*Asks:* 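First, the structure itself, so that you have it in front of you.
The model shown is predicted, which means the values in this text are computed figures rather than measured ones.
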Amino acid sequence: VVGFLPLSTFSESAGTSDHIHCVCGKSDCDGGTGHDKTAEWIGIDDVFDITTSGNYYLTKDVKLSGQWLLPIDKATDINLCLNGKTISWSGSQSVHNYAIFIMNDSVSLTITDCQKYVGKITRTNASDGTIIFNDGTLTLFNGDISGNNTGEGVFNHNIFNMYGGTIQNNTSTGKYYSTGGGVVNDGTFNMTGGTITGNVGESCGGVFNRGTFNMSGGSITDNSGKESSGGVYNIDTLNLSGTPVITDNTVDGVKNNVYLRSDGKKVTVVDDGLSAGASVGLTGTLDKTIVTGTTSTTGFFCNNADYDLVS
């Protein structure tokens, strides 16, 4: 016997725990550091249902009624699977105008998604602000942080690990403190995968780095800046290894990927250096050393066609 039933008959309900996959979002994960291939996840209707540490997944879209401030109660170590759903916030605060505010270094928030069409976290607000402000440990395995028209996607003040996912289509321009559209890093940003793309910022479109930025994989592409850099504006420590891709970023339509100021800021190649597939465009100052840690120009190219890289 074959018949039809409403799709809602099969919908997941809050509190169920038959949702099993690795923290990276894959059910066929080969494992790795910090991976648990058999993690069980508890269904929730709203992020404010989280009151203890654990693994949770969304059962429906969530419109935040207010800022999600962490820690909340005893929830200091949270793994959240978006499950193809959307978290959005359209409210405002007079001081800290962030949709998600990780308030201290005792808190760890991991964001992932197990669905083919991943969910997103977004902020729709006419007031300047950030989607996620991190003063703890933020980890992104999968999912989309996007659509903020009045600020950056992530403002990192402590530790941000990006293994996958996308930070895209955020715009941070026109305000006196505007810096980067995708990520502003004041702490330690470790990027091994994922994509930062389509962001627009006053000083830089992709990543404005004034902390330590370690990039060994993933891509920063098609971002645009108004002043200095399209891809990465580095004013502190930028360490590259593996297969980073920083290409096709612009300032006012001119290719500008990694911008290194004339005051001596450099790219440092670490570990075993750049591998096949790495592609990083550099904009620097003529006759200045802009890369240390290697004598090879492999994996780098010069944004200015009138210059060439020499070892």
Side-chain angles (χ1 to χ4, degrees), residues 152 154 156 160 162 167 172 178-197 199-311:
E152 53 277 329
V154 175
N156 178 53
F160 176 28
M162 186 173 181
I167 300 172
S172 178
S178 174
T179 47
V183 176
V184 176
N185 179 48
D186 277 349
T188 299
F189 177 22
N190 303 308
M191 184 177 182
T192 62
T195 302
I196 299 174
T197 188
N199 302 285
V200 180
E202 197 73 25
S203 295
C204 175
V207 177
F208 186 89
N209 178 52
R210 51 195 181 198
T212 298
F213 181 20
N214 303 310
M215 185 178 182
S216 59
S219 63
I220 301 173
T221 61
D222 297 304
N223 303 281
S224 60
K226 299 291 186 180
E227 295 177 356
S228 301
S229 176
V232 177
Y233 186 179
N234 179 51
I235 59 175
D236 203 321
T237 302
L238 174 58
N239 298 320
L240 299 181
S241 62
T243 57
V245 173
I246 309 175
T247 61
D248 299 317
N249 302 283
T250 60
V251 172
D252 288 335
V254 178
K255 291 293 177 67
N256 188 309
N257 292 291
V258 176
Y259 176 68
L260 302 163
R261 299 191 313 189
S262 60
D263 59 0
K265 301 304 178 186
K266 305 176 181 65
V267 172
T268 301
V269 175
V270 298
D271 299 330
D272 294 327
L274 300 187
S275 305
S279 183
V280 177
L282 300 175
T283 297
T285 303
L286 189 63
D287 295 329
K288 289 276 190 178
T289 298
I290 56 174
V291 178
T292 62
T294 183
T295 57
S296 173
T297 59
T298 300
F300 293 105
F301 64 93
C302 187
N303 289 138
N304 189 327
D306 294 330
Y307 297 167
D308 199 4
L309 295 174
V310 294
S311 58

*Asks:* For the atom pair OG1 (Thr197) and CG (Asn223), what is the distance rounded to the nearest 0.5 Å?
*Replies:* 5.5 Å
*Asks:* Working note: Ser219 + Thr221, criterion side-chain hydrogen bond (donor to acceptor under 3.5 Å, both in side chains); need CA distance, chi angles, decisive distance, verdict.
*Replies:* CA-CA 6 Å; Ser219 63; Thr221 61; 4.5 Å; no
*Asks:* Could you walk me through whether Ile246 and Met215 pass the side chain to side chain contact (heavy atoms under 4.5 Å, CB included) test, one step at a time?
*Replies:* CA-CA 10 Å; Ile246 309 175; Met215 185 178 182; 3.8 Å; yes
*Asks:* Got a sec, which pairs hit salt bridge (charged side-chain N to carboxylate O under 4.0 Å, His left out) with one end in residues 242-255, sequence neighbours left out?
*Replies:* Asp248-Lys255
*Asks:* Let me see the working for Met191 and Ile220 under side chain to side chain contact (heavy atoms under 4.5 Å, CB included), right down to the final yes or no.
*Replies:* CA-CA 10 Å; Met191 184 177 182; Ile220 301 173; 4.2 Å; yes
*Asks:* If I take atom CG from residue Leu260 and atom CD1 from residue Ile290, how far apart are they, to the nearest 0.5 angstrom?
*Replies:* 6.0 Å
*Asks:* With a 3.5 Å cut-off and no angle check, do the side chains of Thr268 and Thr292 form a donor-acceptor pair?
*Replies:* yes
*Asks:* Just do the side chain to side chain contact (heavy atoms under 4.5 Å, CB included) check on Leu274 and Phe300 with the steps written out, would you?
*Replies:* CA-CA 9 Å; Leu274 300 187; Phe300 293 105; 3.6 Å; yes
*Asks:* Between Asp186 and Arg210, is a salt bridge (charged side-chain N to carboxylate O under 4.0 Å, His left out) present by the stated rule, with each step listed?
*Replies:* CA-CA 5 Å; Asp186 277 349; Arg210 51 195 181 198; 2.3 Å; yes
*Asks:* Please collect all ring pair (Phe, Tyr, Trp, His ring centres under 6.0 Å) contacts where either partner lies in residues 213-249, sequence neighbours excluded, each pair once.
*Replies:* Phe189-Phe213, Phe208-Tyr233, Tyr233-Tyr259
*Asks:* When rounded to the nearest 0.5 angstrom, what is the spacing between CD1 in Ile235 and OG in Ser229?
*Replies:* 11.5 Å
*Asks:* Determine which pairs satisfy salt bridge (charged side-chain N to carboxylate O under 4.0 Å, His left out) with at least one residue from residues 221-230, sequence neighbours left out, and list them in order.
*Replies:* none
*Asks:* Would you say the side chain of Asn234 lies within less than 4.5 Å of the side chain of Val267, judging by non-hydrogen atoms?
*Replies:* no
*Asks:* Any donor-acceptor pair under 3.5 Å linking the side-chain atoms of Ser296 with those of Thr298?
*Replies:* yes
*Asks:* Rounded to the nearest 0.5 Å, what separates atom OG in Ser172 from atom CG in Asn199?
*Replies:* 10.0 Å
*Asks:* If I compare all heavy atoms of Cys204 with all of Gly230, which pair ends up nearest, and what's the gap?
*Replies:* SG-O, 4.2 Å
*Asks:* Given Val258, which partner from the list Leu240, Val280, Thr283 fulfils the side chain to side chain contact (heavy atoms under 4.5 Å, CB included) test?
*Replies:* Val280
*Asks:* Taking atom types as modelled, is there a side-chain donor on Asn209 or Asn185 under 3.5 Å from an acceptor on the other?
*Replies:* yes
*Asks:* Minimum heavy-atom separation for Ser279 and Thr247, please, with both atom names.
*Replies:* OG-CG2, 3.4 Å
*Asks:* Testing Asn214, Asp271, Asn190 for side-chain hydrogen bond (donor to acceptor under 3.5 Å, both in side chains) with Asn239, which one passes?
*Replies:* Asn214
*Asks:* Check the pair Met162, Ile167 against side chain to side chain contact (heavy atoms under 4.5 Å, CB included), reporting the backbone distance first and the verdict last.
*Replies:* CA-CA 10 Å; Met162 186 173 181; Ile167 300 172; 4.0 Å; yes
*Asks:* So, does Asp272 use its side chain to make a donor-acceptor pair with the main chain of Ser241 at under 3.5 Å?
*Replies:* no
*Asks:* Would you say Asn156's side chain and Thr188's backbone share a donor-acceptor pair under 3.5 angstrom?
*Replies:* yes
*Asks:* Which heavy atom of Thr243 sits nearest a heavy atom of Ala276, and at what distance?
*Replies:* CG2-O, 3.4 Å
